[in-house]
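Read through the structure below, which is laid out as structure tokens, and then see the notes.
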Amino acid sequence: QVQLVESGGGLVQPGGSLRLSCAASGFTLDDYAIGWFRQAPGKEREGVSCISSDDGTTYYADSVKGRFTISRDNAKNTVHLQINSPRPEDTAVYYCATQRRLYGSSCAIPPLPARFRSWGQGTQVTVSS
């Protein structure tokens with residue numbers, strides 16, 4: 001069974017840090033470009049980061065550049081999203097997903113939800129003091 005499971009969310013203070021994980025079962029994550037998305041209440045789902053499969057090239061939305069870092073741990077079949085210096089506006093449910101093969105192994109920029117599949121259930125991140 002192909003499945004993605006996000007974890008690591010929670011309540012974090014502004015200026016703190018948090019690491020989200022996206023673990024795969026039933027397939028090898030390294031075979032796909034992986035995207036991280038977030039969705040706040042009343043807003044559309046937006047792509048915040050992506051890591052390519054072929055050369056590990058990364059993409060970050062302007063709103064998170066310099067604060068978020070995406071990385072792979074192939075030994076654990078997991079992709080992480082390190083969140084540093086979070087802000088209240090980062091509060092959202094965070095999801096990971098695999099880029100559809102027809103878009104190739106490099107991240108199609110910008111990462112649009114329609115280009116991705118195999119969504120996990122999401123993990124809530126709340127930034128508040």
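No experiment lies behind these values; they were computed from the predicted model shown. Basis for what follows: all heavy atoms, side chains included, without hydrogens, waters or symmetry-related copies. In this chain, residues are counted from 1 in sequence order.
Nearest heavy-atom pair across C22 and L4 is SG-CD2, 3.8 Å. Minimum interatomic distance between S118 and V2 (heavy atoms only, all atoms of both residues): OG-CG1, 3.9 Å. A pairwise comparison of heavy atoms in A61 and G47 identifies CB-O, 3.7 Å as the closest pair. Across G10 and L18, no two heavy atoms sit closer than the pair N-CD2, 4.2 Å.
Between I70 and Y59, the closest side-chain pair of non-hydrogen atoms is not below 4.5 Å. By the 4.5 Å heavy-atom criterion applied to side chains, C96 and V79 are not counted as neighbours. Between R101 and D31, some side-chain heavy-atom pair lies under the 4.5 Å cut-off. In this structure, the side chains of T58 and T69 stay at 4.5 Å or more apart for every pair of heavy atoms. Looking at R100 and R115, their side chains never come closer than 4.5 Å, going by heavy atoms from C-beta outward.
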For this session: I would like to know whether L11 and S128 meet side chain to side chain contact (heavy atoms under 4.5 Å, CB included); could you show each step before the answer?
Result: CA-CA 7 Å; L11 175 64; S128 174; 4.1 Å; yes

For this session: Please step through ring-ring contact (aromatic ring centres under 6.0 Å, His included) for the pair F116 and Y95, ending with a clear verdict.
Result: CA-CA 11 Å; F116 288 76; Y95 302 87; over 10 Å; no

For this session: Apply side chain to side chain contact (heavy atoms under 4.5 Å, CB included) to the pair E6 and L20, showing each step before the final yes or no.
Result: CA-CA 7 Å; E6 302 94 338; L20 307 184; over 6 Å; no

Exercise. Does the side chain to side chain contact (heavy atoms under 4.5 Å, CB included) test come out yes or no for T57 and I51, once each step is laid out?
Worked result: CA-CA 6 Å; T57 302; I51 186 165; over 6 Å; no

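Within 6.0 Å of atom CD in E89, more than 12 heavy atoms from other residues, nucleotides or ligands are found, so the atom counts as buried in its surroundings.
Panel note: side chain R87, backbone V64; no donor-acceptor pair is recorded below 3.5 Å.
Annotation: the span from I109 atom CD1 to S52 atom OG amounts to 7.0 Å, rounded to 0.5 Å.
T28 and D30 are not linked by any side-chain donor-acceptor pair at a separation below 3.5 angstrom, with hydrogens and angles left out of the test.
The side-chain hydrogen bond (donor to acceptor under 3.5 Å, both in side chains) test applied to K76 returns no partner, not counting sequence neighbours. Listed by chain and number, the residues in a side-chain hydrogen bond (donor to acceptor under 3.5 Å, both in side chains) with S106 are D54 (sequence neighbours excluded).
With R38 as reference, D90 is the one residue of V93, T123, D90, T91 to meet the side-chain contact (heavy atoms from CB on, under 4.5 Å) rule.
Taking the six-membered ring for Trp, F68 and W36 have ring centres at least 6.0 Å apart.
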